[in-house]
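Here it is: the structure, laid out below.
Not measured: the values here are computed from a predicted model.
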Amino acid sequence: MAGTAVVTGASSGIGAATVRRLAKDGYDVVAVARRADRLREVARETGARALPVDITDAGAVRRLADGLEACDVLVNNAGGALGAESVATASVDDWERMFSVNVLGTLRVTQALLPLLRQGAGGTVVTITSTAAFTTYEGGGGYSAAKHAEHALSETLRLELCGEPVRVVEVAPGMVKTDEFALNRLRGDAAKAAALYEGVDHPLTADDVAECVALAVGLPQHVNIDHLVVRPLAQAAQHRIHRGPLIHRKNEHGI
């Protein structure tokens, strides 16, 4: 057995894919999310332990930590975006919710599990942020602000744990197409959600991001990937997206 891995936001998308991938690598995976029904489905598929927990609830997070005997890997994945309004018109409630889950939820879980991560031969904290953690864009103020804060949390934690055998890894995905992220952000408007990915040749999948997590976690313990940015080939930057088939150019010999 590779050890115990705790994955938050594990009921769907990147979280569920990460549960599957780490279970494949032999981890005893503890899948954590609010939605008990979806979580049980992931657990049945993967053999993971399903623990329904709302990471915005401090008491629930404490009970999660108290119920674990070990934690070798923590994947802070729970989060999300709400709304695409401008700063001038955005809902303060949406911003509060994004900070509550993305930032404070990550902080609570990390604080609660750090004692276990410090106990073994070596622990790893992986936080899934976003390219929005270092690049802003119109309509993304609240989400970008939350992810910037999550990035700062990870960078600071790495400095504070220097000298201890605990790695701190940040994985920052660009355009990822999942069943729920864009749909939730756009308040259930399926047409608008689909338009975000229209014409993009192979946006990232949840499985692609899970592979990056597995790569970072699977390296020797003395190797730390501080910050891994992963995008689809069609996305060169936040605002530079190629829509349509990728262009195959011939060289001077016509090949």
Side-chain angles (χ1 to χ4, degrees), residues 8-9 11-15 17 33-35 54-57 76-110 126-157 170-206 208-209 212 227-244:
T8 68
S11 61
S12 65
I14 293 171
R34 289 182 300 109
R35 296 179 296 181
D54 181 350
I55 66 167
T56 67
D57 182 333
N76 286 310
N77 168 72
L82 290 173
E85 293 81 16
S86 68
V87 171
T89 61
S91 162
V92 173
D93 288 343
D94 285 348
W95 280 53
E96 285 184 346
R97 179 63 184 169
M98 284 187 279
F99 269 78
S100 179
V101 179
N102 290 281
V103 185
L104 301 181
T106 295
L107 175 61
R108 282 193 187 92
V109 175
T110 302
V126 180
T127 299
I128 310 296
T129 61
S130 167
T131 51
F134 56 87
T135 304
T136 58
Y137 54 96
E138 301 91 332
Y143 181 62
S144 186
K147 288 302 180 182
H148 272 69
E150 211 173 2
H151 167 71
L153 187 161
S154 296
E155 292 284 290
T156 305
L157 181 64
E170 180 183 353
V171 177
M175 178 179 278
V176 184
K177 186 177 183 181
T178 64
D179 292 337
E180 296 184 319
F181 180 84
L183 197 61
N184 288 340
R185 179 173 204 168
L186 297 172
R187 310 185 197 286
D189 191 322
K192 285 185 179 179
L196 293 176
Y197 308 101
E198 187 174 354
V200 178
D201 192 334
H202 290 88
L204 295 180
T205 66
D208 294 330
V209 181
C212 293
H227 191 199
L228 175 57
V229 178
V230 53
R231 307 182 196 265
L233 185 57
Q235 184 184 34
Q238 204 79 349
H239 283 81
R240 186 69 172 96
I241 300 171
H242 177 76
R243 297 183 187 272

Practice task
Measure up the His227 and His151 rings against each other and bin them: parallel (under 30°), tilted (30 to 60°), perpendicular (over 60°).
Solution key: tilted
Exercise for the section: Find the distance between OG1 (Thr136) and NZ (Lys147) and round it off to the nearest 0.5 Å. Expected result: 16.0 Å
Handout entry: Residues which pass ring-ring contact (aromatic ring centres under 6.0 Å, His included) with His202, listed by chain and number, not counting sequence neighbours
Key = none
Problem - Side-chain ion pair, Arg35 and Asp54, N-O less than 4.0 Å - result: no
Handout entry: Ion pair Arg187/Glu85, N-O distance below 4.0 Å
Key = yes
Problem - Atom pair CZ (Arg108) and OG (Ser100), whose distance is rounded to the nearest 0.5 Å - result: 6.0 Å
Exercise for the section: Tell me whether the centres of the aromatic rings in Phe99 and Tyr143 are closer together than 6.0 Å. Expected result: no
Exercise for the section: Could you please spell out the steps behind the side chain to side chain contact (heavy atoms under 4.5 Å, CB included) verdict for Thr127 and Val171? Expected result: CA-CA 6 Å; Thr127 299; Val171 177; over 6 Å; no
Handout entry: From Thr131 atom OG1 to Gln235 atom CD, the distance as rounded to the nearest 0.5 Å
Key = 5.5 Å
Handout entry: Any donor-acceptor N or O pair under 3.5 Å, side chains Thr110, Asn76
Key = yes
Exercise for the section: Hey, could you give me the CD/CG distance between Glu96 and Leu104, rounded to the nearest 0.5 Å? Expected result: 10.5 Å
Problem - Thr106 and Glu150: side chain donor to acceptor below 3.5 Å - result: yes
